[in-house]
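In what follows, a single structure is set out as structure tokens and then discussed.
Bear in mind the structure is a predicted one, so any value in this text is a computation, not a measurement.
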Amino acid sequence: MVLGVGVLVPLSCGGPATSYSPRAPSSLRAADAHATWTSARQVLETRCVVCHGCYDAPCQLKLGTYEGIDRGASEAVVYDGTRLTATAPTRLDVDAHDALGWRYKGFHPVLPEGKQTEPAQSVLVRMLDLKRAHPVLAAADIASGYTLELNRKQTCTDAAHFDEYAKTHPNWGMPYALPGLDAKAEHALTSWVDAGSPHDEPAPLSHAVEASITSWEQFLNAPALKSQLAARYIFEHLFLASIYFTGLGNAEDQLFFRLVRSTTLMGPAEEIATRRPFDDPKVSRVYYRFVQRLERPLDKTHMPYPLSPARLQTMHALFIEPKYPVDKLPGYDPQVSANPFRAFQAIPAESRYRFMLDEAEFTLMGFIKGPVCRGQIALDVIEDRFWITFANPSVPWMREETEFLAGEKQDLDLPAESGSNAGPSPLWLRYGKVHERYVDKKNEFMTRAFAAQPGTPQGPALDTIWNGDGKNTNAALTVFRHKDSATVVKGFVGGPPKTAWVIDYPLLERIHYLLVAGFDVFGNVGHQLSTRLYMDFLRMEGEANFLMLLPTSRRQALVESWYRGTHGGAKARVNHVLTSFAGESPIHYRTPTPEQELFALLGEHVHAVAAEQFDLARVEDRSVRASLERLAGVRGPAASWLPELSFVTVLPHVHFTIARESAHSNVMYLLNEDARRVKEEDQLSVMPGFLGAYPNALFQLNPTELDAFVDEITRLSSDASYHALRGRFGVLRSSADFWTLSDRIQEDHHKAVPIAGGLFDYNRLEAY
């Protein structure tokens with residue numbers, strides 16, 4: 001349920017928004033209280049969290065847990081690309097821990113509290129009443145009656161101002177711009193509020209889970225300096241993970257945990273709240289503890305990471321068994337802590353790299369998912385679809401990279417060193433020059449490395465690409481960009497893309513410390529712009545590593561096609577970064593388009609481990625597969641009329657995803673993206689199942705209608721033709737069967753991927 005958008009209603013800040021008095025505990029018997037909360041929670045998860053789950057939940061109202069409901073709502077905006085100074089973080093379960101703490105941070109209640117003690121006076125109940133009085137009609141013009149833009153002003157009304165809200169926006173009850181709840185669901189919520197909003201405490205953990213936690217905490221909190229350094233490195237890479245313990249039975253596998261820094265070794269964890277995981281904890285010793293995640297996962301932020309006894313042995317082998325001295329732990333000065341090449345210089349680069357590669361999809365998820373629910377400032381720097389492979393950690397010169405990085409760490413400074421109140425321009429100029437210097441030195445290093453191998457030509461061959469050691473499915477990844485969000489999945493999805501990245505250790509580490517560990521969504525405009533501009537360098541590095549595998553005679557032509565419309569200093573920098581390596585790959589090519597041959601060779605190289613869950617070949621029904629293959633062949637203007645991401649259900653339970661790949665002349669510049677669109681080159685990727693977290697459109701059809709559906713898409717030529725498609729096959733925001741389809745989608749997704757799947761978010765659903 002979306003609690004309000006439109007005209008901002010100012011509320012007091014710097015102290016409690018209302019007089020605070022705790023609610024009286026529920027008088028229900030324990031069994032009745034449990035049943036009441038269970039029924040209410042089911043409704044909250046299926047009807048409310050789908051809009052109120054991420055950082056960009058309207059009014060910061062997160063309804064996935066009782067703690068989020070109890071926190072309430074705030075008019076303060078998390079995503080603000082114009083603020084001049086960083087704002088105070090408001091992370092649920094981190095920056096305050098009870099209702100009183102949140103009232104002092106400007107959050108107002110949505111449950112009965114203070115002067116509004118009657119359930120019927122609560123914002124939550126009154127929003128339901130307003131929707132019942134003014135339901136969304138099947139023929140409603142959602143586009144004209146509601147504001148749905150992501151950057152809209154928000155109306156975060158409290159109980160005292162609700163009458164004014166209802167008078168001004170009578171149609172803006174909850175769920176916002178969606179059909180209302182049926183009588184049973186509404187009764188479940190109102191009965192829960194009437195009963196005093198009871199909720200369950202977390203169930204005790206099983207002995208198996210407790211034993212797993214104990215073994216891992218013992219490893220992470222061992223006293224030796226080498227162990228402390230390793231634990232710090234592991235934490236700074238897993239702090240966003242939804243950690244689960246494997247091999248404990250299905251019920252146990254559904255429990256997820258956060259890894260936190262705590263002041264306590266035993267007993268309840270006392271989390272140390274800092275903006276970034278590498279900020280000074282201001283204690284002499286931190287302890288790493290596991291804290292249970294209580295919310296049902298949201299697909300956008302869910303980043304599962306498995307821990308097992310085998311992985312514990314792997315961690316020990318990577319970080320403890322190698323012989324390297326740790327005489328002193330690194331400090332927390334930003335120039336050290338924000339730069340992993342300084343802070344973790346003692347740990348061999350191969351160990352760090354293999355740790356990140358072991359779950360490379362998760363590592364890349366950090367900047368794809370993470371807290372960046374609105375990531376356009378970071379994501380408009382990447383193509384709409386590209387493939388990723390990784391440099392082989394077993395190449396002979398990998399061990400030399402530790403020494404190389406130790407010498408170049410001053411050229412690998414990252415924006416987070418300047419904190420959350422950075423000024424963009426000077427940093428951009430400085431980082432640009434430093435990056436060019438690093439590229440030149442890296443090219444010299446690579447040239448020496450290849451020359452040092454007897455009989456090896458002066459460039460990389462296919463064996464420099466990681467094949468997953470023949471067993472790891474993280475060796476091949478595909479990234480999709482959906483304007484201001486993105487998706488990373490295992491496998492090479494779709495046909496050969498426009499570009500590809502080859503990621504080596506220095507690049508992978510900087511991606512993490514730039515966009516995950518070092519990025520602050522509460523930072524100022526300078527910090528956000530510096531992050532976006534720096535990402536240009538990292539994209540070009542990944543592409544340059546791919547170009548190294550191609551003939552030198554072909555590299556410049558590809559760069560020209562990838563970066564059409566660049567000019568001046570930007571063009572010079574692109575050319576320098578992408579074409580300055582002079583080594584010739586020994587791969588023998590036979591055609592004028594060796595990049596197409598290389599895509600095929602990479603596919604063969606990782607074939608044994610490449611995931612195939614999104615391959616159309618998996619569709620068993622041949623007629624359905626033929627229709628989807630025809631749909632995947634749509635190119636040009638017809639493709640451009642579809643939204644970024646569409647979920648299609650062929651009744652009763654066949655689902656597939658259509659992703660529009662928006663072509664651009666280049667992705668070099670921060671502004672005027674629409675001016676760089678090349679709609680004639682748009683295309684579609686079609687995948688079985690669900691890909692992405694934010695569907696823009698939902699379609700539902702009978703099996704006999706699939707060919708007609710594809711036919712209409714191939715003929716799209718105008719806004720009117722797209723509206724006709726939606727009118728015939730779409731399940732719109734105002735459709736009476738919207739929630740029926742939503743339940744089918746969410747349930748089938750959970751059944752298909754019970755660990756990795758989360759609830760989809762409807763904040764990006766189009767108006768019609």
Check your understanding: Closest heavy-atom contact between Val479 and Val488?
Key -> CG2-CG2, 3.9 Å
Check your understanding: Would a 4.5 Å heavy-atom cut-off, applied to side chains only, mark Arg481 and Phe386 as touching?
Key -> no
Exercise for review: Using modelled atom types only, decide if a donor and an acceptor are shared between the side chain of Ser734 and the backbone of Val136 within a distance under 3.5 Å.
Suggested key: no
Check your understanding: How would you list, by chain and number, every residue that makes a ring pair (Phe, Tyr, Trp, His ring centres under 6.0 Å) with His723, sequence neighbours excluded?
Key -> Tyr768
Check your understanding: Can we say Arg573 and Glu541 salt-bridge, meaning some charged N sits less than 4.0 Å from an Asp/Glu carboxylate O?
Key -> no
Exercise for review: Look at the side chain of Arg660 and the backbone N and O of Leu642, then say whether any donor-acceptor pair between them is shorter than 3.5 Å.
Suggested key: yes
Check your understanding: Strictly under 6.0 Å, is that where the ring centroids of His655 and Phe647 end up?
Key -> no
Practice item. Would you tell me whether Glu383 and His664 have side-chain atoms, one donor and one acceptor, within less than 3.5 Å of each other? Key: no
Point to revise | Between Gln746 and Thr46, a side-chain donor and acceptor under 3.5 Å | key: no
Review point. With distance as the sole criterion, is a donor-acceptor pair present between the side chains of Gln528 and Tyr79 under 3.5 Å?
Key: no
**Study point:** Set of salt bridge (Lys or Arg N to Asp or Glu O under 4.0 Å) partners for Arg635, sequence neighbours left out
**Key:** none
Check your understanding: Between Asp384 (side chain) and Ser662 (backbone), is there a donor-acceptor pair under 3.5 Å?
Key -> yes
Review point. Looking at residues at least two apart in the chain, or sitting in another chain, which of them share a side chain to side chain contact (heavy atoms under 4.5 Å, CB included) with Ser665?
Key: Arg564, Arg676, Val678
Exercise for review: Answer yes if the side chains of Arg539 and Thr499 hold a donor-acceptor pair under 3.5 Å, and no otherwise.
Suggested key: no
Point to revise | Minimum heavy-atom distance between Arg83 and Val521, given as atom pair plus value | key: NH2-O, 2.6 Å
Point to revise | Centroid separation Tyr694 to Phe760 less than 6.0 Å | key: no
Study note, to complete from the structure: In short, Leu616 meets Arg625 closest at the heavy-atom pair O-CD, 3.1 Å
Practice item. Please check if the side chain of Thr363 supplies one atom and the backbone of Glu359 the other of a donor-acceptor pair under 3.5 Å. Key: yes
Exercise for review: Test Ile382 against Phe480 for side-chain contact (heavy atoms from CB on, under 4.5 Å), laying out the working first.
Suggested key: CA-CA 9 Å; Ile382 62 176; Phe480 289 85; over 6 Å; no
Exercise for review: Can you sort out the partners of Glu509 under side chain to side chain donor-acceptor pair (under 3.5 Å), two or more places apart, ordered by chain and number?
Suggested key: Tyr233, His237, Tyr505
Practice item. Quick one: list whatever passes side chain to side chain contact (heavy atoms under 4.5 Å, CB included) with Ala767, sequence neighbours left out. Key: Ile142, Ala143, Leu148
**Study point:** With sequence neighbours excluded, residues passing salt bridge (Lys or Arg N to Asp or Glu O under 4.0 Å) with Asp737
**Key:** none
**Study point:** Validation row: Val78, Phe522 side chains within 4.5 angstrom (heavy atoms)
**Key:** yes
Review point. Is the distance between the ring centroids of Phe367 and His512 under 6.0 Å?
Key: no
Review point. Where does the angle between the aromatic ring planes of Tyr722 and Phe699 fall among parallel (under 30°), tilted (30 to 60°) and perpendicular (over 60°)?
Key: perpendicular
Exercise for review: State whether the side chain of Ser735 and the backbone N or O of Leu732 hold a donor-acceptor pair below 3.5 Å, judged by distance alone.
Suggested key: yes
Revision key, fill the gap. With sequence neighbours left out, the residues meeting ring pair (Phe, Tyr, Trp, His ring centres under 6.0 Å) with Phe546 are Phe599
Review point. Between Lys300 (side chain) and Gly692 (backbone), is there a donor-acceptor pair under 3.5 Å?
Key: no
Exercise for review: Please tell me if the side chains of Ile658 and Met687 come closer than 4.5 Å, counting only heavy atoms from C-beta onward.
Suggested key: no
Point to revise | Residue pairs fulfilling salt bridge (Lys or Arg N to Asp or Glu O under 4.0 Å) with at least one residue in residues 714-727, sequence neighbours excluded | key: Arg726-Glu766
Practice item. For Glu681 and Gly636, indicate whether the former's side chain and the latter's backbone hold a donor-acceptor pair under 3.5 Å. Key: no
**Study point:** Pair listing, salt bridge (Lys or Arg N to Asp or Glu O under 4.0 Å) test, anchored in residues 512-522, at least two apart
**Key:** Arg275-Asp520
Exercise for review: Mind checking ring pair (Phe, Tyr, Trp, His ring centres under 6.0 Å) for Phe614 and listing every partner two or more places apart, or none if nothing turns up?
Suggested key: none
Practice item. Not counting sequence neighbours, which residues clear ring pair (Phe, Tyr, Trp, His ring centres under 6.0 Å) with Tyr305? List them please. Key: Phe362
Review point. Looking only at side chains, do Lys369 and Thr301 share a donor and an acceptor under 3.5 Å apart?
Key: no
Check your understanding: Between Arg385 (side chain) and Gly495 (backbone), is there a donor-acceptor pair under 3.5 Å?
Key -> yes
Review point. Looking at side-chain heavy atoms only, is the closest gap between Leu477 and Trp387 below 4.5 Å?
Key: no
Review point. How about Phe709 and Phe729: are their ring centres within less than 6.0 Å of each other?
Key: yes
Check your understanding: Got a sec, which residues hit salt bridge (Lys or Arg N to Asp or Glu O under 4.0 Å) with Arg677, two or more places apart in sequence or on another chain?
Key -> Asp682
Point to revise | side-chain contact (heavy atoms from CB on, under 4.5 Å) between Leu698 and Ile745, intermediate numbers included | key: CA-CA 10 Å; Leu698 305 178; Ile745 287 172; 4.1 Å; yes
Review point. Does Asn524 use its side chain to pair, donor to acceptor, with the backbone of Leu84 at less than 3.5 Å?
Key: yes
